[in-house]
Number of protein chains: 2
Amino acid sequence: MQKAFTITPTQIACSSCNLREFCLPADFTDEELHKLEALTSTKRAYRRGDYLYRSGSKFESLYAIRTGFFKTQVLHEDGREQVTGFQMAGEIIGLDAISTDIHACDAVALEDSEVCELPFNRLEELSRQLPTLQRHLHKIMSREIVRDQGIMLLLGSMRAEERLAAFLLNLSQRFAARGYSASAFRLRMTRQEIGSYLGLKLETVSRTLSYFQESRLIDVHNKSIALLDMTRLLGLVGQQRATPF
Amino acid sequence: MQKAFTITPTQIACSSCNLREFCLPADFTDEELHKLEALTSTKRAYRRGDYLYRSGSKFESLYAIRTGFFKTQVLHEDGREQVTGFQMAGEIIGLDAISTDIHACDAVALEDSEVCELPFNRLEELSRQLPTLQRHLHKIMSREIVRDQGIMLLLGSMRAEERLAAFLLNLSQRFAARGYSASAFRLRMTRQEIGSYLGLKLETVSRTLSYFQESRLIDVHNKSIALLDMTRLLGLVGQQRATPF
DNA sequence: AATTACGTTTGATATAGGTCAAAATCCGTG
DNA sequence: CACGGATTTTGACCTATATCAAACGTAATT
């Protein structure tokens, strides 16, 4: 059996799954590591456009993204859709389904991706035995709640420019945390999907990006984007309007 | 020792706490019931305007609302505030703090209220021993995630009328679930707080309510409100605009 | 009962972002 | 490489909601 976890300065990284969010503070016995390894062993590949799960389908497992990029969306009866999040490597997806045992949203791959399936029953069982894992699971769920509240703040009180700036900086941070460039990356989603996430129309997203470009804040060409001035971008967030006077 | 739980057709209700959300499917031993009872024994009273906890303070416990009404809000650096929820009897509050051990929002009593304190360490410990409790805790957290996603949909894609209609119907449902009238109740929050929650200015809230009143959908006088036509109100939600033709 | 502070309503006007439309660009496929 | 569909950009115009301001109610306080 290969070693399930490798030591890093402050954390243990799961080698089989590359689960940033699932990385755990140390001290497990070999026995426990073995169990954790077993839990995360089922991997699966998805092509761009594939559904990881659909709203309404039965909940069995959480999914940990190994590589790739997903979006989650809820569909309103009348056809309106709301993108509720973009998920990347190391993030856990499917938490919303625990409440009813039915998935409450769709999860769609935005590029070819790999995920680890985490059967939830076994995860619960294991987390009864391993307080560290239990605590970790709770933190992951809580973090999702905090994230959602941040989006409420964004949707409820920010102007288009602020929303977009916050969005770009958030992506930047998450790429950086994974060892990619914080200042240049490829957007995996369309303007329409960005708009849905941010509560804006795609035209507004496009216009605002163009405006950022003129202002030398960013450099966009289609899906490639470079953040040229993070400081000013950061300054934009939390500005009721562009410099009161 | 008084009996901790009383049987209802499908659930067990916690007598000490009146914890709708904490009600659990049956089969606990007396021993287990005793432990649950002990967990939920610390009660506390709050006056209108009191803070249950503040953003930035250390996380120790979740709180189950026994009676009364709270709001939770996050404050942005620049002074903007976003109300992230209104909580009533039987609901659990404080889940956001688990992620960092620091409260991420304020919780403020909107009327005189009573809460049960649930020390989180002991809750985790107990839920390791009682799978039913564990599952329940997970469902509560997941339900919060689903709720938040619903609000994202509301904030991201609904017009003012829809938002308000959805808001009123949501309150109505929750009052009804607690045995109060579904069609007449007192709003515990100001127009400003409603607006913050719904991503609208207080004037827009006021105007929209006035418009609903003219349309004989509701009857408002200050904080007392009666829903006169729930069907039409429901029809409003999910309408891109008022009857296309 | 008078005073004050706070919350609400309503009106007039401004504006951010939506809508509709056309052109430009990108990308996958035969 | 050329085609066709999807995505993006840009323009012109419109509207829902914000903003500013004033009057009005309501509820707590003395």
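All chains are named by letter (A, B, ...) in the order of the sequence lines, taking the proteins before the strands, and each is independently numbered beginning at 1.
The CG-C1' distance, from Leu202(A) to dG17(C), rounds to 13 Å in whole Å. Atom pair Leu200(B):CG and dA18(D):C1' shows a separation of 10 Å (rounding to whole Å applied). Distance, Gln213(B) CD to dT8(C) P: 14 Å, rounded to whole Å. Between Leu155(A) atom CG and dT17(D) atom C1' the separation is 16 Å, expressed in whole Å. Distance, Leu198(B) CG to dA16(D) P: 18 Å, rounded to whole Å. Summarising the geometry, the separation between CD1 on Ile225(B) and C1' on dT8(C) is reported as 14 Å, rounded to the nearest angstrom. Distance Leu236(A) CG to dA16(C) P: 14 Å, rounded to the nearest Å. Taking atom CD of residue Glu162(B) and atom C1' of nucleotide dA16(D), one finds them 12 Å apart after rounding to whole Å.
Set against dT8(D), dG17(C), dA18(D), the side chain of Thr204(A) has dG17(C) as its closest nucleotide. Comparing dT8(D), dA12(C), dG7(C) against the side chain of Thr190(B) picks out dG7(C) as the nearest. Of the candidate nucleotides dT8(D), dG17(C), dA21(D), dA21(D) has the atom lying nearest to any side-chain atom of Glu203(B). Proximity note for Lys201(B) (side chain, C-beta onward) versus dT10(C), dA18(D), dT9(D): the nearest is dA18(D).
Where Arg207(B) and Leu209(A) meet DNA chain D, the nucleotide closest to each residue was compared, and Leu209(A) sits on the side nearer the 5' end. Of the two residues contacting DNA chain C, namely Gln192(B) and Arg163(A), the nearest-nucleotide position lying further toward the 5' end is that of Gln192(B).
Between the CZ atom of Phe167(B) and the CZ atom of Phe86(B) there is a distance of 5.0 Å, given to the nearest 0.5 Å.
Gly195(A) comes within contact range of no nucleotide atom at all, as no heavy-atom separation falls under 4.0 Å.
With Asp106(A) contributing its side chain and Thr72(A) its backbone, the two residues share no donor-acceptor pair below 3.5 Å.
The local environment of CZ in Arg44(B) is sparse, with at most 12 non-hydrogen atoms from other residues, nucleotides or ligands closer than 6.0 Å. Counting heavy-atom neighbours within 6.0 Å of Arg48(B) CZ, excluding the residue itself, gives a total of 12 or less. The number of heavy atoms from other shown groups lying within 6.0 Å of CZ (Arg186(A)) is above 12.
The phosphate of dA16(C) has neither OP1 nor OP2 within less than 4.0 Å of any side-chain N or O from Arg159(A). Taking 4.0 angstrom as the limit, Ser210(B) places a side-chain polar atom (N or O) nearer than this to OP1 or OP2 of dT10(C).
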message: Each nucleotide in nucleotides 22-30 of chain C should get exactly one letter: B, S or -. Can you fill that in based on protein heavy atoms under 4.0 Å?
response: ----SSS--
task: Assess whether salt bridge (Lys or Arg N to Asp or Glu O under 4.0 Å) is satisfied between Arg47(B) and Asp112(B), documenting all intermediate values.
output: CA-CA 4 Å; Arg47(B) 308 292 307 273; Asp112(B) 295 356; 3.5 Å; yes
field: Derivation and outcome, salt bridge (Lys or Arg N to Asp or Glu O under 4.0 Å), residues Arg143(A) and Glu91(A)
entry: CA-CA 11 Å; Arg143(A) 207 177 303 151; Glu91(A) 295 174 341; over 6 Å; no
